[in-house]
Amino acid sequence: MGPLGREAWTQRLGAFRASPSAFLAGAEGEDLGRDLLSDLRSEKLSEQTKVSLLTLSLEYSDKLWPDAPAAEAAATSLLDTLVLLPTRPSALRRLLLLAATTALVSGDALGPTSGASCRLLPLLLGLASGRDLGRSFGTPSEQRHLQATACECLGELERCKPGLLAGALGMLRSLPGQTGPIQPVSLLLALVLHDTLVVQSRSGAGLQGLLVAEDFSTGSYPWDWTLAEEWDAHLKPQGPSWPTAGEEERGFPVLEPSPEDTRELKAAVAQLLDTSYLLTPVAQAQLLWLLGWALRGLRGQPPVLFKPQLVRLLGTAQLTLLHSVLSLKAAFGEALFTAQDEALLLRRLTLGAQHPALPSPTHLFYLHCILSFPENCPLGPEGEEAAPLLLGPQLCRGLMPSLLHDPMVLLARLHLLCLLCADDEEEEKDQTQGPQWFLQEVLAGLQQRAALDGGPRALATLCFQASYLVTNCLTRHSTVQTSLIRGLAQLYRARPSLAPHFVDLLDQVSPELREPLREVLLQEAVARPGESEALCWHLQMLAKVAEGATQSTTLSFLQAAAVHCTDWGLHQALLRVCRALLRTGGGDGLADLLQELARQLENADGRDHARLYYVLLSHLSSSKLGMALGPSLAAPALASSLMAENQGFSSALMVQETSAPIQLSVGPQQAKGPLPVLCLQVQALDAPVYSLELRFRVEGQLYEPLEAVHIPCLRPGQPAHPLYLLLQPRCPAPARLHVRALYSTSAGLTCHARLPPLSVNFADLFLPFPQLPKGSELRFFDELWNSCLPKGVESRVWCPLGPQGLEALVSQYLEPFVVLAQPPTTYLIAIRLPPASMLLLRLEKAQVDGVPVALRTDDWAVLPLVGDYLRGLAAH
Amino acid sequence: MALRAVWLIRHEPGTPLGGTVRFSRRYPTVEKRAKVFNGMTYVPVPEDGPFLRALLFQLRLLDDDKDFIERRDGCSHLNKTSIYGLSVGGEELWPVIAFLRDSMIYASVPLVEQALSPRPPLISISGVSQGLELLLGIQDFLYSSQKNDTDLHTKLSQLPDLLLQACPLGTLLDANLQNSLNSINSVSVTQPQKQPAWKVGAYKGKAQISISITETVKCMQYGKQDIADTWQVAGTVACKCDLEGVMPAVTISLSLPTNGSPLQDIIVHPCVTSLDSAILTSSSIDTMDDSAFSGPYKFPFTPPLESFNLCHYTSQVPVPPILGSYHMKEEGVQLKVTVNFKLHESVRNNFEVCEAHIPFYNRGPITHLEYKASFGQLEVFREKSLLVWIIGQKFPKSMEISLSGTLTFGVKGHNKQPFDHICIGNTAYIKLNFRIADYTLTGCYADQHSVQVFASGKPKISAYRKLISSDYYIWNSKAPAPVTYASLLP
């Protein structure tokens, strides 16, 4: 396909962006990456179109070239395109460098064996160091512009393969003093310094003069991948991360560099910090994170180097900058922040959380930072949000919630208020205007707003979220809890349509609140019987809060309500309450009500339902009822309400069809006794199985019906349970047994499973003749032999022998049935075939690959089976 | 410290999707790292369609408020920051930074350089502040000096190129997109070594500095014995310095008259090079006394090219500029209202605008009105149930004005009259809007003679001042009103 025009590309890129996965799955999907690369070199396309192609590749290189070979080829092609660009300045150079970097990283192609990597890295380093790379990379002035881009690309490569640039540390160190933009070079140096220090401290090596090695090769020698590979081998990539609890316990690895390295390191860090104000705020923040966490593990590197920057940074309240100061705080603690400094930082944070000049997302983030503040001497458990010790009520004054705030601000501030109240150990008695009193005011306001008829759901949600927050933080504050419960009861009275919110709240809160709240809500719900719009909500509420113990009021409410339940939905709601009562105890009144409903309800479904509940109530013990109607395991979505009945109910009362819980295998046969016995091994697979009953069915009724087998208990991991199955053949023939298992699970459910069928082989039916007195064997055999004819048949069969020979074959398969043996020439074998047949074999002198067998049987029907059996012996 | 993706979504209520993605950008190299860092807990960044749906649902911006949906309305799903977990394709994408401003949703997913389960605290994720900063930067760029929709459209079309400058590989280089725009436009200028990264290019032309101080005053007046009125002044000092040279140094001092109110809670622009500790510690948290630092407040800095906010402050002035009282009572079917305003004598009696909005929420349209105003005119918006009292440029000599009247309301129409969840029953407020030029409540001013400039040429210095009201409420004293904690303190 020739190069597409601008229009066509615009359309194609638009279609791709709309849904990359759909586009790639489509007809054109496969070609996109290839077309894009080739059209970059087309002279017909404008630079603007090529820019849009490259922008797309930057964004979706992982989709366009998903695997390493494709990414490698793409990066090579991009680098070729770069070389082929005409000398004049072009916007494409920067993008091509970025695109090649992105392709290599996202396609996982970066590495010593990748040709494109080995071309890109020296090129980037050359550009970054400000060397003139010749006219093929544009004019010298353009090359200087590319210096920043090269630093950014190198930085990205280093981030994805830490240690990659460790060898270039010395060279990078010399850059900030020379020409070129300050920010890219500083950031790159800080990043490489961080990675190198972290990898060195983890591996226990020193800096080994990396900081002062000036003459780094950029092209004439192969790239040094050792540190990057060392990192790969030992560690995951490491961002400048907050300390985790585990890390603290293990002790952060500490590196002790040589005095010379220490001096150099100090100078490098000081230089970076001194010029840091020239960086954009976001870049300054990155620099501080990197340097802070790099120096954290170093002995003899006092963090005082950072001190001169702090006042300037604290003055700004800029989000990224203050966040980076907090990261320094977390990294160094008391070593960098005295108690006064800590207090100042907290004050600035408090200020940032409410300053009118800052936007709300910033306020909220600062508020979070206050509650996760890295204190010098934390008291509470780690990882839990808490108000820092230094944050007294005075500091928090401006951070109190008000109904005028938007929901998120309100919740965040309410949380802080709760924490303050929780700290206030002594419950306020006569103080009418303390934090607790204010908290109750806020809650009352929220409840009042939620009660507004027709108000948006968001207001109700906010009220319940606030209630949840308060109960979680203030479990032991009885005054708050009491007033909260009272307020919620009022809210329900005013707006019963919030029932789903109440049900959700009851599900979430701790038992200390749940029980009193449940009781209050029950009273509220039953207090207003009769016809009303709220009936369906009251019923929904009762289904949650009704319990057997307080049945009488509930029952009279239901009785009154039943008259007004005119549609299917209300019937169902009513029955759900009955069901809740059934679950928690049932009772006489309930039986009457159910009977009444079974007669009176208008639709058949409802009547059936009521009747079913009545039957359950009158037939099941209360514990079984509780289990039968317990919470469902999965919500069935069926149309009929009877069918839609809770799965817990059906599973407890009905047999569940499941996959096989046990493994059944046929064990070695024991040919003895009057009848053949099938020896089985039973093992539980994943879960214990109780009261197992195995039922067998013989295919074709070849044997008498088999008795079911019972096993009390099987547990996984226990040795196989042996099982002897007495077979009573009606004719001597192999058969298939179908097996079904009926069992109980540990949850008390009864289950049914079909197991794979078992095969009873012909040989499984073999039984020996009784033991004969010594000397009489030959005569006995001859008598049998003669008795077979004329009723039976005689035949000769060639039995092939494997490498093991005749003797081994006989001892392995026919030993119990040998009447007389004269090895190696003759074996006389007599086999009983229940119910009333026999098989006699004369094995004659073995030849090279087999043995001729003369056989007689009184049942001609077994002849083909015998043939198959004998011919199959060697194959075993 | 990097971002996995950025989105800009226009919220369009009433449309089938509820919004459209106006811009999105993904960073595959960062995604690669996310996969390694997050390990088993990694959730890929979804395509635009599913992301849009999940985000609008989470932000409650879909019009399906009718039913209770546990995933959104459940009481334990507390959101206390602008950072969300979105349910996408059965998995939870977290953390997603998102906020809505002027019907635009700004969203971004920062890289978390560790496993996501258990969730690490947000404070430990450097990408959170970086992502928020970028989104706020985009918002600033889109809405600063934006005049109309065409403007916005132009700016939106510039975003892909700007992000290529400001965040080419997912690591944010500059959140100030105006600066990135300058850098695209000045690509041929060679940067000298010591040039700050936040200042691309150099100014050529006549030297001039403009300093404008804008103060806004917020107020809550209750007219009650047991609830204290509250008010607060917040100031912003905006600067534009047109000076030649790479790093011209400027020092601006803010001064107060002898009876001025000290500036507090000062936050400065990052270009300010040093800060007096008295400036850093003066805070509204402390109780005021005479020993409070009252200036001059010196700010030495190197200015960026564009206009910028040198500093913000707050202050506690002794009295609110306009004292008001509002009585509203229901008498039968009628509503009786009495309003009084008194301008404080110290305030400059020369308004650009001064008007009082008197809304009547949760009622029907105004069907009948009789009133008497001692001053100014009253505009009546019957359908909106709103009165606007236009006070004009000056208060009369007595400095006191009043309005009284009776109103009756019709039957509440469906969605025609405004709903408010604060103004329930007789809870009601008046909102005062006013603007006074060449005046600050604190008295704060920039002394032109004290501006020090270390650059070639003597600049022309101009200074402006302005006072604007914002959230200036007078509550009906005859009904409960939403109180703040501060107004309850003795």
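Reckoned from all heavy atoms, side chains included, excluding hydrogens, waters and symmetry mates.
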Checking B:Thr236 against chain A: side chain, backbone, both or neither under 4.5 Å from a heavy atom?
neither
Any side-chain heavy atom of A:Pro361 sitting closer than 4.5 Å to one from B:Arg101?
yes
So A:Leu452 and B:Ile424, side-chain contact (heavy atoms from CB on, under 4.5 Å) or not? Walk me through it.
CA-CA 8 Å; A:Leu452 271 186; B:Ile424 306 163; 3.9 Å; yes
Hey, does the side chain of B:His421 reach the backbone of A:Gly455 with a donor-acceptor pair shorter than 3.5 angstrom?
no
Give, as side chain, backbone, both or neither, the part of B:Val268 having an atom under 4.5 angstrom from any heavy atom of chain A.
both
Just by distance, with hydrogens left out, do A:Arg397 and B:Tyr485 show a side-chain donor and acceptor under 3.5 Å apart?
no
So, A:His368 side chain and B:Lys80 main chain: donor-acceptor pair closer than 3.5 Å or not?
no
Which heavy-atom pair separates B:Pro270 from A:Gln318 by the least distance, and what is that distance?
CG-OE1, 2.8 Å
Quick check on B:Asn309 against chain A: is it the side chain, the backbone, both or neither that has a heavy atom closer than 4.5 Å?
neither
Using a cut-off of under 4.5 Å on heavy-atom pairs, state which of B:Pro480, B:Pro168, B:Gly170 scores highest against chain A.
B:Pro168
Stepwise, does the side-chain contact (heavy atoms from CB on, under 4.5 Å) test hold for A:Leu187 with B:Leu173?
CA-CA 10 Å; A:Leu187 282 182; B:Leu173 304 176; 4.3 Å; yes
Sub-4.5 Å side-chain heavy-atom contact between A:Leu278 and B:Lys199
no
Close side-chain approach of B:Lys32 to A:Asp62, heavy-atom, < 4.5 Å:
no
pair B:Leu134-A:Val282: side-chain heavy atoms closer than 4.5 Å:
no
Looking at side-chain heavy atoms only, is the closest gap between A:Thr102 and B:Leu169 below 4.5 Å?
yes
At a 4.5 Å cut-off on heavy atoms, which part of B:Ser24 comes close to chain A: side chain, backbone, both, or neither?
both
So, do A:Ser106 and B:Glu31 sit near enough that their side-chain heavy atoms are less than 4.5 Å apart?
no
Nearest 0.5 angstrom please: B:Asn176 CG to A:Thr280 OG1, how far?
9.0 Å
Interchain contact, B:Thr29 with chain A, by part (heavy-atom threshold 4.5 Å)
both
Answer with side chain, backbone, both or neither: which region of B:Ser277 has an atom nearer than 4.5 Å to a non-hydrogen atom of chain A?
neither
Is the closest side-chain heavy-atom distance between B:Gln130 and A:Leu319 below 4.5 Å?
no
Are side-chain heavy atoms of B:Leu164 and A:Leu95 found at a separation under 4.5 Å?
yes
Identify which of B:Leu275, B:Leu172, B:Asn179, B:Ile97 forms the greatest number of heavy-atom pairs closer than 4.5 Å to chain A.
B:Leu172
